[in-house]
Number of protein chains: 2
Amino acid sequence: MLALQRATHHTLHALSTALADLRLTAAETNVLANLAAGGALNVSQLSAETGTKPSTLTNVLDRLEDRGYLSRELDVQDRRSFRLTLTKQGTVIADRIGTAITELENRALAGLSPNQLAGFHAALAAFEKAC
Amino acid sequence: MLALQRATHHTLHALSTALADLRLTAAETNVLANLAAGGALNVSQLSAETGTKPSTLTNVLDRLEDRGYLSRELDVQDRRSFRLTLTKQGTVIADRIGTAITELENRALAGLSPNQLAGFHAALAAFEKAC
DNA sequence: TATTGTTATACTCTATAACTATA
DNA sequence: TATAGTTATAGAGTATAACAATA
């Protein structure tokens, strides 16, 4: 578990360095990456994906909305909630994030066998399931 | 990488729940766990282990010292730095943390084969090396 | 001169409780 | 009544730059 935390810390630093010109915090980057990967989520779903409380997300979403990267669109099915959708500009940024993540992953994991990778994914899934 | 972050979030929540009565933050827990695992480190070494800056650690170490869990002992070899050593009380707490971590790991990873576990460790090491 | 660690500062992350609007 | 999300609040995490003490 300590190694897991350490690896996460390191990847966040590396990602932040690779994307320094975007001037995004780790939480902002994480939100954009999750929206790019998961489509138009609402706040609850994003909260579950990122492991943070809705109230924590409010400020992050405010900043991303102010910068024109996403919009809160009232969900016509349930008018208590919003669909969080990336703007054109936000999609461009999110794509850069996705590319940077993929490059980091490829570079870091290049030397591993398919078997080792499968074990890695299985362990992550096991932690998510058990915790 | 998103899954890695998510797994870390989940494990931190689970650990915090298991140790709720200790009233420690994640950073405090992490410091105690690293000192228990690594012996008497100095601030620079702890900074490297935890992935945080020395200035970030100052407040965490202050709180842990105030609570009687660790002491800063002047390093006679290099009087600019401290050896961070757990007190008796701190060792007891750190042992509980270590036990809780081991239990969580055992529970989460119980279903995995030695091969899968090996792949997991290899991937973590690869991320630390590349990032 | 360089390094270790702290202090001062500013901003972000985080959660809880209270609240509004909707279901 | 219950749920989605925000607001208000308070505390903790985070880094940078300036600093003191030591190497």
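A note on names: the letters A, B, ... follow the listed sequences, proteins ahead of strands, and every chain is numbered from 1. Nothing here was measured: the structure is a model prediction, and the numbers come from that model.
Bounding nucleotides for the chain A contact on DNA chain C, 5' to 3', at a heavy-atom distance below 4.0 Å, are C:dT12 to C:dA23.
Donor-acceptor pairing under 3.5 Å is lacking for the side chains of B:T8 and A:Q5.
A distance of 14.5 Å separates NZ of B:K129 from CG of B:L124, quoted to the nearest 0.5 Å.
Contact check of residues 2-18 of chain B against DNA chain D (heavy atom, cut-off under 4.0 Å) returns no residues at all. For DNA chain D, the neighbouring residues in residues 36-45 of chain A, judged by any heavy atom under 4.0 Å, are A:N42, A:V43, A:S44. Using a 4.0 Å cut-off on heavy atoms, the residues of residues 46-67 of chain B that approach DNA chain C are B:P54, B:S55, B:T58, listed by number.
Classification of the B:F120-A:F120 ring pair by plane angle, with boundaries at 30° and 60°, yields parallel.
Closest approach of B:L74 to B:R79, counting heavy atoms only: CD1-O, 3.6 Å. Shown here for A:L112 and B:A123, the closest heavy-atom pair between the two residues is CD2-CA, 3.6 Å. Smallest separation of non-hydrogen atoms from A:L22 and A:R67: O-NH2, 2.9 Å.
A salt bridge is absent between B:D78 and B:R83; no separation between the charged side-chain nitrogens and carboxylate oxygens falls under 4.0 Å.
Across the helix from C:dT1-D:dA23 to C:dA23-D:dT1, the helix axis at one end is tilted relative to the axis at the other end by 0° (nearest 10 degrees, each axis from five pairs).
Side-chain N or O atoms of B:T17 include one that pairs as donor or acceptor with a backbone N or O of B:H13 at under 3.5 Å.
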Protein within reach of the bases, or only the backbone? For nucleotides 18-23 of chain D, mark each nucleotide 5' to 3' as B, S or -, using heavy atoms under 4.0 Å. ---BBS
